[in-house]
Amino acid sequence: MTRQNIRIEKRQGRVRGAVKRAAHGRKRLSVFRSSKHIYAQVIDDDAGLTLVAASSIEKTQRDGQKTGAGVEAAKTVGKLLAERAKEKGIKDVIFDRGSYLYHGRVKALADAAREAGLNF
């Protein structure tokens with residue numbers, strides 16, 4: 001394993017532990033990204049179901065954006081996810097950033113979801 005992979009696995013383990021300790025029956029907002037797109041899901045870990053999902057790959061998100069990899073795309077995905085979650089009656093979630101740093105696109109998505117009404 002490379003040093004970078006070891007650092008990523010350590011960070012992911014710390015985040016996973018913190019998410020499990022803080023969950024207390026709340027749904028989990030999981031964020032993952034690629035070099036071209038960003039994705040987010042609200043997951044019920046007790047039932048093992050994805051309740052709500054949004055991504056920059058959706059046709060409604062691609063309007064007027066050059067790519068789905070930017071901060072603006074992350075903001076629209078966060079806002080869309082929060083709106084869909086509120087329609088399903090989900091207000092309180094725990095934020096799971098995985099092995100990603102809370103910076104840039106991940107932070108923009110989280111801030112947009114908070115502004116749209118999700119509590120975490």
Side-chain angles (χ1 to χ4, degrees):
M1 256 203 231
T2 65
R3 287 182 184 178
Q4 183 177 5
N5 288 345
I6 291 170
R7 283 195 311 254
I8 288 171
E9 284 187 7
K10 281 184 178 181
R11 188 182 320 124
Q12 191 171 20
R14 283 192 311 266
V15 171
R16 183 175 294 129
V19 166
K20 284 183 180 180
R21 285 188 299 272
H24 300 297
R26 289 188 285 178
K27 311 303 182 222
R28 177 169 53 106
L29 192 163
S30 178
V31 175
F32 49 104
R33 62 180 178 82
S34 69
S35 60
K36 294 184 179 182
H37 295 286
I38 190 159
Y39 311 85
Q41 296 177 334
V42 175
I43 302 167
D44 182 358
D45 287 321
D46 296 332
L49 295 173
T50 298
L51 305 173
V52 180
S55 72
S56 62
I57 228 167
E58 297 175 16
K59 284 189 176 187
T60 58
Q61 298 299 91
R62 287 188 270 165
D63 296 338
Q65 293 182 7
K66 190 188 311 183
T67 170
V71 171
E72 291 302 317
K75 287 179 183 177
T76 58
V77 170
K79 183 178 176 184
L80 179 65
L81 182 82
E83 290 170 359
R84 290 178 180 174
K86 284 185 353 186
E87 288 174 5
K88 294 249 181 167
I90 301 167
K91 287 190 265 181
D92 296 324
V93 296
I94 185 81
F95 188 70
D96 180 8
R97 62 184 171 89
S99 64
Y100 305 114
L101 296 175
Y102 188 77
H103 178 30
R105 293 188 282 163
V106 175
K107 184 177 188 289
L109 188 142
D111 291 342
R114 274 192 194 104
E115 288 174 11
L118 284 182
N119 297 323
F120 53 94

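Small disclaimer: the values here were computed from a predicted structure and weren't measured.
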Side-chain heavy-atom pair [X], [Y] within 4.5 angstrom cut-off:
| X | Y | result |
| --- | --- | --- |
| Val106 | Leu109 | no |
| Asp96 | Val15 | yes |
| Phe32 | Gln41 | yes |
| Leu49 | Ile43 | no |

Any chance you could measure [X], atom [atom1], to [Y], atom [atom2], to the nearest 0.5 Å?
| X | Y | atom1 | atom2 | result |
| --- | --- | --- | --- | --- |
| Arg26 | His24 | CZ | NE2 | 7.5 Å |
| Thr76 | Lys79 | OG1 | NZ | 9.0 Å |
| Arg105 | Arg33 | CZ | CZ | 5.0 Å |
| Ile57 | Tyr39 | CD1 | OH | 4.0 Å |

Do NZ/NE/NH1/NH2 and the carboxylate oxygens of [X] and [Y] come within less than 4.0 Å?
| X | Y | answer |
| --- | --- | --- |
| Lys27 | Asp44 | yes |
| Glu9 | Arg3 | no |
| Glu87 | Arg84 | no |

Residue pair Leu81 / Ala54: nearest heavy atoms and the distance that separates them: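 Scanning both residues, the minimum pair turns out to be CD1-N, 3.9 Å.
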
